[in-house]
**Q** 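A single structure is presented below for examination.
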Amino acid sequence: MTEPDTGNDGRLPHTDRIPYGGDYNPEQWPQAVWDEDHRLFTQAGVDTLTVGVFIWSLTQPDESVYDFTILDGILDRAAAEGRQVCLATGTAALPPWLAKKYPEVNRTDFEGRRHRYGQRHNFCPSSPEYRRLATALAGRLAERYAEHPALLAWHINNEYGGACYCDLCADAFRGWLHERHGTLDALNDAWWTTFWSHRYTDWDQIEPPSALTEHWRGPDHTAFQGITLDYQRFMTEALLGCFTGEKEAIRAHDPDTPVTTNLMGTYRPLDYHRWAPHLDFASWDNYPPLDAPPTRPALAHDLMRGLKDGAPFWLMEQTPSTTACRDVNPLRRPGELRLATWQAIAHGADAALYFQMRASRGACEKYHGAVIGHAGRDDTRVFREVAALGRELGELGGSTLGARTPARTALLFDWDSWWALEISDGPSRLVRYPDVVHAYYRAAREAGADVDVVAVTADLTPYDVVLAPALHLVKGDLAKRLEAVARRGGTVLATFLTARSDEHDRAFLADVPGPLAPLMGIRVDEWDAKPGDVEQPVQVGDLATRARLVFEIVQLRGAEPVATYGADFYAGTPAVTRNHFGAGQAWYVATALDQPGVDHVVRQVLARHDLVGPYADHHTVETATRVTPDGTRLLFLLNHASEHARLPAHTAATDLLTGKRFDQGEVLALDPLGVAVLRLQ
Amino acid sequence: MTEPDTGNDGRLPHTDRIPYGGDYNPEQWPQAVWDEDHRLFTQAGVDTLTVGVFIWSLTQPDESVYDFTILDGILDRAAAEGRQVCLATGTAALPPWLAKKYPEVNRTDFEGRRHRYGQRHNFCPSSPEYRRLATALAGRLAERYAEHPALLAWHINNEYGGACYCDLCADAFRGWLHERHGTLDALNDAWWTTFWSHRYTDWDQIEPPSALTEHWRGPDHTAFQGITLDYQRFMTEALLGCFTGEKEAIRAHDPDTPVTTNLMGTYRPLDYHRWAPHLDFASWDNYPPLDAPPTRPALAHDLMRGLKDGAPFWLMEQTPSTTACRDVNPLRRPGELRLATWQAIAHGADAALYFQMRASRGACEKYHGAVIGHAGRDDTRVFREVAALGRELGELGGSTLGARTPARTALLFDWDSWWALEISDGPSRLVRYPDVVHAYYRAAREAGADVDVVAVTADLTPYDVVLAPALHLVKGDLAKRLEAVARRGGTVLATFLTARSDEHDRAFLADVPGPLAPLMGIRVDEWDAKPGDVEQPVQVGDLATRARLVFEIVQLRGAEPVATYGADFYAGTPAVTRNHFGAGQAWYVATALDQPGVDHVVRQVLARHDLVGPYADHHTVETATRVTPDGTRLLFLLNHASEHARLPAHTAATDLLTGKRFDQGEVLALDPLGVAVLRLQ
Amino acid sequence: MTEPDTGNDGRLPHTDRIPYGGDYNPEQWPQAVWDEDHRLFTQAGVDTLTVGVFIWSLTQPDESVYDFTILDGILDRAAAEGRQVCLATGTAALPPWLAKKYPEVNRTDFEGRRHRYGQRHNFCPSSPEYRRLATALAGRLAERYAEHPALLAWHINNEYGGACYCDLCADAFRGWLHERHGTLDALNDAWWTTFWSHRYTDWDQIEPPSALTEHWRGPDHTAFQGITLDYQRFMTEALLGCFTGEKEAIRAHDPDTPVTTNLMGTYRPLDYHRWAPHLDFASWDNYPPLDAPPTRPALAHDLMRGLKDGAPFWLMEQTPSTTACRDVNPLRRPGELRLATWQAIAHGADAALYFQMRASRGACEKYHGAVIGHAGRDDTRVFREVAALGRELGELGGSTLGARTPARTALLFDWDSWWALEISDGPSRLVRYPDVVHAYYRAAREAGADVDVVAVTADLTPYDVVLAPALHLVKGDLAKRLEAVARRGGTVLATFLTARSDEHDRAFLADVPGPLAPLMGIRVDEWDAKPGDVEQPVQVGDLATRARLVFEIVQLRGAEPVATYGADFYAGTPAVTRNHFGAGQAWYVATALDQPGVDHVVRQVLARHDLVGPYADHHTVETATRVTPDGTRLLFLLNHASEHARLPAHTAATDLLTGKRFDQGEVLALDPLGVAVLRLQ
């Protein structure tokens, strides 16, 4: 893999307003529909179209034939209409001839089954034939369209993901391991292979960890965490290699146009932090379960923003109305689409795009929501909401572009910890990494703090508060850097199952929590676990809360108790502790507190740094701050309730959406699901 | 496939009473048991034996050897005892030598695994070797037994079903597609392959849709509905080809004896409407879950009767006591077997047969109920009930034979709609076609209406009311024919998720409900879905009902509201509508109403045509009418309650079972689980 | 397989106290850790180490190289420290080179998938290469260590289990069948193959019963019970053949040291009764779900003790704190480890060993409990409890060694019945053999009776009471021997689903319960089944109990009713019966009574023989008796409650743990989770 060619703070496509539009597949339709589409796009304020995502079977109908007739038409028409395109390379779905001609390009699944042609996202990332043909196609496209007036950005492939377990991947994995571990002795030590007689004496003895080798009961149960962890890392890089291969091919013809691929937020299979340096800008597809609390998509937005060191990202996809792929697909109610879009912008989105502009006539997404439905109408509720939002964004213009979030709270998000926690036996399979992370993120956000969700390698010096929930793996110099945060006066918070193992998921040969024990001032020898329906009382100051799942038994080694267990033989022992360390503090939460418990703890932490927001008691009102390149401070207010909210302006401000000016203390009324974007004075 | 050789109204075996008996496997037993069997058969009034169903390994112990010794003995003995046989060709379970010699005959499953020898119903329908050998066997049997005095009917194979995904099937599928679609362009258009880059350029690129190609999470999740739908159709015809192959072989030697195969009612994998023309008469195996409401088996009876245009069918199997294959196998309580048998007759059965006459000593059905148990007794409760029923049917004689149901209500049942609905993503995987169909069927039946359950191609002119619940696909001229029903004064009822897509499951490019929109006088732009445990209030006139799963938002375009939603942002909008169309009406039910709601709607519809029965308020009493060839009108009264029922005779009548005569208004008392068969004056 | 070389009452390693220690893997660690380990072992009273369990990849790093350097060091160090070793052959986990070099050694699973290298317990038991190499290794070890001063016992392989379905196994199965059945006619008759046309004409036609052949919905659903039953038996013997092969190789060099392998209690896949004669002594790994009632592990202890005709066994593994492999892994609370260890001793354990001495640094058991944790501390709660128990056992010395249980109650435990019951269709899949067995075992144990859990072939003459719950298969002369028990005055108890089928799982051609019908004095023609959440009232004398799952309808043929059904059409008919037979009684329980119902019935049975214990009303206090070789009678009292228990001594006694003497009637106080070991006067 070549070196990343952009700094980590990225490079966004240049626009003078928030690009608005989305995935568009005119290749499925006759020209009369194209005419109608563009009429409706204009009506809806749509200026940006993502095209070519699944067009490979048309652009290359046979290995020896490239045919860009349709794509020429699509781009030329867009340009003629004054619209810009995000041009996909289209390599995410194989054309049938390719799968037939080179069966190696079809994936072998976790069960060891070589697939045959079907679906999408179906290519083996290690296949030389796939890489050769995908890269060639990307190069051809760049050669042809680099100078096209409609071209705004490159969109490589689509929603990279999944995994392959074929022999090509096995070979590539062995090579990757050789490079990573150097010697078999080092690998044997890293994976602790002497356990269960696995000491490898030849690289060829290593098999991809699958249902036919190290796994049982699915991908979460493995005999050796080390091999499974390494396979996740390898697969992350194998898919990334596909991306960088295409990107290089584009760069050979187009040195400037920004390149991205659409990510998927908190997506377990791929460590996006390893991808981040290779993206010119981040973009992602936001499909939260529609009954999720608003902090779920917010967490994903902040994680995506964190990829490029806080630079804005693109919201590459969202549904204007419903999904189709779920068992139950509820409708976005009136106003919900607008609110979700403004939430994305509040968290750093500099584009707002839909999947999809026109509903497919056939296949599995035909009932997925679309701006334009099967009847082609402009008088549906959905179209009207989309068009109104288009007008609103048009009126806003470029006021938010390039703005950054001035967070003083960091939350560490770590794919290695996610993987290690969820592929390990004991103490409880019921602990899910995103749930623990979300509980702490939610507490901080609902307290009004802006939060950067960052990698464990991120620079922590800008932050007053660093949250490290369920950070199972602690690698490199992280423990030292966390100590530095506390030493200079900051606060570090860790939880149960934090700092248990090293980068190979080998347990630290030390008291729990391993390298964080000195910082936390505690020692943990044992931990209990209980079924999911069992709740234990925990007293946090005056607050009676409940805890579940895992109960670590904490011995104080300098720390003081903040909360205590109320039941079982460890009743009266600490459930939450605080340690004074340098000028700062280190908190440890030894059990899965309920949300009120987490809220209580996190607010104490934030309060120490004056980071509780002015509207922290308005539970349904989300706030988010962005600072524009010229230093303007924007405060987004998002009312997630179906009731009005009335807030006193905490400083003089002007609402960019209405132009209305508020003096400090003046009451600001938010409609149900209402939004304000305050430019603060 | 050759042309069907009988008209659609079929040809039944000639008998002068209801054939009574069932599956009989004397090949498993020594001669002493045969003697005992026939003694008990006589005692139980058994005159008909289904033989040879799983006898292939005996009749052809090797490819080069046919041996009919045992079968000769079975038929000769039956003839000697004055019993008739339904003779099976026995091709549903392969003999071991065949599976070993020709591995191609073993199926390849949905997961892509070639099976080896085991179980039954285990043959690849596309295998030339299987077809050659099965057909040859059928021919040999016909040659030998065409003139046998015991022969009453032919029973080809057994419970055809399942599917195969092997290379032979793949090739056959490609040929079938070529014939059906003509060109790849047509196929690409039908399946909408441009979506996800699936444009095929060679027939060989097409793979059977399976877990290794287009499917994920099992057979219901497919990337392309078109290919999956076509595979269901192909597999229906592939298995049908096995049937017609055997039938032709029989016909070469036996031009007259009626031929059938035992179907399975509402069985999703096979479109029985495609089979119907090829059957001389319909027959089926009735194994309802024993806690199902009586309308569940009734629906299946009426569906089976509909196969041959209302001609009587055979009840080929039912258990005299318990099943064995379920997780929990309750016992038929005293009287339940008799009631179920009379229900079958009331719905058109002209035979009443059991699986099985004598319990198997070994293997997986050894605990399945049987007329004769392991102890061989004639003093068990089950034997006594069977014998009593045998006597009762004997006394009845031929009074019901050939009778037909004079229904004025039709319910459209459509396998294409079933498949399309359940293999589509969105809006809700919780909607199951048979549940929706059953709710409307039940409402009509409990209101006292006789119902013909018919294919969408059926002649609709005889009907006043046509119910089209969840008719997802609308094909051919159906919309016009439904309009004609209403135009001439009839009533058509459709529901949510009706008329969404065309024969290839491509969405109609029009307002929902597509070609039925003019008839229904409505327009639907959007639809909500909610989890299965969420109920929404819907007000239907005075009745407060609940609705679940899917909530279409209806705009009136001529129709009037009949019921309205009571919650969510669409509160107050129509949940049920009625449109005046010509001299008739069209009703649309936009959500999954609870049963009282469906009942209320359907009774209004039926009442308009005076189709609510005289005992509609006796909730547990089922009524059914049959008209014999000589015009006699029979009214079956079936009391499904464990309490007595007392009904005033609505007209003068004689109970065929007791000989008792009732004047109009006289009270007719039904025992718990009691039955009356009234000959109306 | 060679003849077993020891009598069934076994031969235990000679020790003068209860061996204490457990699994130890110093090969994973540097020498400095070894030093620390032995220091801690001494501190904890550990004298016995199980070593070499997963060391193959070190002892034989290549086919041509044996290297015993590490093992020499381990044993020499143990000897130097005065500790003894239980030496494993280490053949349970393949080294990578072996799996790569001979792919045949990797198992083919139930789904037909050949595995590749991974996990442990991963060898094909029929593989000649595996057998050759495993046996050679065992021989080499015996040659080297037979005379080693530390050697106490041989531990072959580890937790034998699982199954393989490869072609080698298929061939071996055919050979096994040939030997067992003699002719194909006999096999066809045994499996009742005429059902479903399975009549085999060549041995090669027989395939292992798997998901690709006779099974569907997993291992419990088979078309032919006969083949599946035989495959379980075959696989039991195939794995046993691996064991005996290694044992013979050891015996060639070491004629005396006792040999065992660690079994797994109530483990379905292997019929341990077929293994028992080949073990010098029984040993097993006790990992009860930590919320199981104490009678669950007790049942397993008694089953293991029964393997060698009542001789003591070894507790080879238990966790000192938590498991890791479960979804939720609770902690053993203070005192629970000690109580569980004394429970094992009370039931016949002559050793108390842990898995594991030191926690693994990596791989899937790194969070499994260990005597020494990752921090290597001696001041953890777990280490302190282990050390205290070590002291207590050291003080006890040899007082319990060789003691036997003087039970007068036998419970028949039969793997054939377990398999047959759970692989049969009908009447209810919800009946699980161990649940039914446990209910009766629990009732007897909580009534204070010592229970021998024995094979159906065991000598029944020592027993007053024989319990035969859910004994589905009745083989050989068992019925006669049960009649003899009753005839001489004893009591036999059978239940629903007892005595339904013969050794091939063919139904008896007789009234239910087949050969036990004369003894029971009843006849059963039919049986009902209900869903798991349905309870039916059953009146047992004055006690109102509930019954579930299966309801057999009993006709009295000499027996008298003891309890009656209270609902459904069989209300008033017998649910429990008692028959006078000779001088004794035979009880039949026709339904799955709740535990109070079972308790009530069993106490009546025990009371007849004066077998209800003195503390039967102290529900939480378990009692168990052992008689030492010199005739001393020991009464173990185990308080499973977290409250104190106060019991009057029923005879004069001395507590071996405290030295305190009690007169008859004096109150004996047990702490919460407390234990007393009374030497009775």
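Treat the numbers as computed from the prediction; the structure is a model and nothing was measured. Numbers restart at 1 for each chain; the letters A, B, ... are given by sequence-line order, proteins then strands.
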**Q** Does C:K100 reach the side chain of A:D204, with side-chain heavy atoms less than 4.5 Å apart?
**A**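 Of all side-chain heavy-atom pairs linking A:D204 with C:K100, at least one is under 4.5 Å.
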**Q** For A:R523, is it the side chain, the backbone, both, or neither that has a heavy atom closer than 4.5 Å to a heavy atom of chain C?
**A**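 A:R523 touches chain C through side-chain heavy atoms alone.
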**Q** Can you check whether C:Y117 reaches A:H198 side chain to side chain, under 4.5 Å on heavy atoms?
**A**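 Touching, per the 4.5 Å side-chain cut-off.
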**Q** For A:D202, which atoms come within 4.5 Å of any heavy atom of chain C: side chain, backbone, both, or neither?
**A**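 Contact with chain C: none, neither part.
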**Q** Run the side-chain hydrogen bond (donor to acceptor under 3.5 Å, both in side chains) test against A:W176 and tell me which residues pass, sequence neighbours left out.
**A**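 Expected list: A:E237.
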**Q** Look at the aromatic rings of A:H472 and C:Y367 and report parallel, tilted or perpendicular, splitting at 30° and 60°.
**A**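 Ring orientation, 0 to 90° scale: perpendicular.
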**Q** Can you say whether C:V53 sits under 4.5 Å from chain A via the side chain, the backbone, both, or neither, judging by heavy atoms?
**A**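 It is neither, since no heavy atom gets under 4.5 Å.
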**Q** In terms of heavy-atom pairs under 4.5 Å, which option from C:R377, C:R326, C:R107 contacts chain A the most?
**A**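 The answer is C:R377.
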**Q** Under a 3.5 Å threshold, yes or no: a donor from one side chain and an acceptor from the other, between A:S424 and C:K366?
**A**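 Yes.
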**Q** Would you mind reporting whether A:D525 and C:R381 have side-chain heavy atoms less than 4.5 Å apart?
**A**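 A side-chain contact under 4.5 Å is absent here.
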**Q** Quick one: does any side-chain atom of C:H374 pair with a main-chain N or O of A:F508 as donor and acceptor, under 3.5 Å?
**A**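 No, C:H374 side chain to A:F508 backbone: no donor-acceptor pair under 3.5 Å.
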**Q** If you apply the rule side chain to side chain contact (heavy atoms under 4.5 Å, CB included), what do you find for A:S197 with C:R120, and how did you get there?
**A** CA-CA 8 Å; A:S197 188; C:R120 61 171 181 173; over 6 Å; no
**Q** Distance check, rounded to the nearest 0.5 Å: C:E27 atom CD versus A:R199 atom CZ?
**A**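 Answer for the CD-CZ pair, C:E27 versus A:R199, is 10.5 Å.
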**Q** Mind running salt bridge (Lys or Arg N to Asp or Glu O under 4.0 Å) on C:R361 and A:D505 for me, showing each step along the way?
**A** CA-CA 9 Å; C:R361 187 175 174 198; A:D505 197 40; over 6 Å; no
**Q** Quick check on the structure: residues of residues 548-555 of chain A within a heavy-atom distance below 4.5 Å of chain C, by number.
**A**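 Against chain C, the residues of residues 548-555 of chain A that fall inside the cut-off (heavy atoms, under 4.5 Å) are A:I553.
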**Q** Would you call A:T201 and C:D62 a side-chain contact if the rule is heavy atoms closer than 4.5 Å?
**A**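 Heavy-atom side-chain distance check fails, nothing below 4.5 Å.
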**Q** Where on A:H215 is there a heavy atom nearer than 4.5 Å to chain C: the side chain, the backbone, both, or neither?
**A**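 Just the backbone, heavy atoms under 4.5 Å.
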**Q** In terms of side-chain geometry, is the basic nitrogen of A:D528 or C:R332 positioned less than 4.0 Å from the acidic oxygen of its partner?
**A**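 Salt bridge: no.
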**Q** Do A:T194 and C:N25 have side-chain heavy atoms sitting under 4.5 Å apart?
**A**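 No, too far: nothing below the 4.5 Å cut-off.
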**Q** Hey, are the side chains of A:D568 and C:R333 touching, using non-hydrogen atoms and a 4.5 Å cut-off?
**A**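 With C-beta onward as the side chain, the pair touches.
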**Q** State plainly whether the residues A:R217 and C:D327 are in salt-bridge range, i.e. N to O under 4.0 Å.
**A**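 A salt bridge is present here (some side-chain N lies under 4.0 Å from a carboxylate O).
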**Q** Between A:Y200 and chain C, with a heavy-atom cut-off of 4.5 Å, which part of the residue counts as in contact: side chain, backbone, both or neither?
**A**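 Contact with chain C involves both backbone and side-chain atoms of A:Y200.
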**Q** In terms of heavy-atom pairs under 4.5 Å with chain C, which of A:V512, A:D511, A:D189 leads?
**A**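 It is A:D511.
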**Q** List the atom of A:A211, the atom of C:R113, and the distance in Å for their closest heavy-atom pair.
**A**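 Smallest heavy-atom distance, with atoms named: CB-NH1, 4.3 Å.
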**Q** Do C:C364 and A:W196 have side chains that get closer than 4.5 Å, going by heavy atoms?
**A**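 Touching, per the 4.5 Å side-chain cut-off.
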**Q** Distance alone, cut at 3.5 Å: any donor-acceptor contact between the side chains of A:W192 and C:Q28?
**A**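 Note: A:W192 and C:Q28 side chains meet the donor-acceptor criterion.
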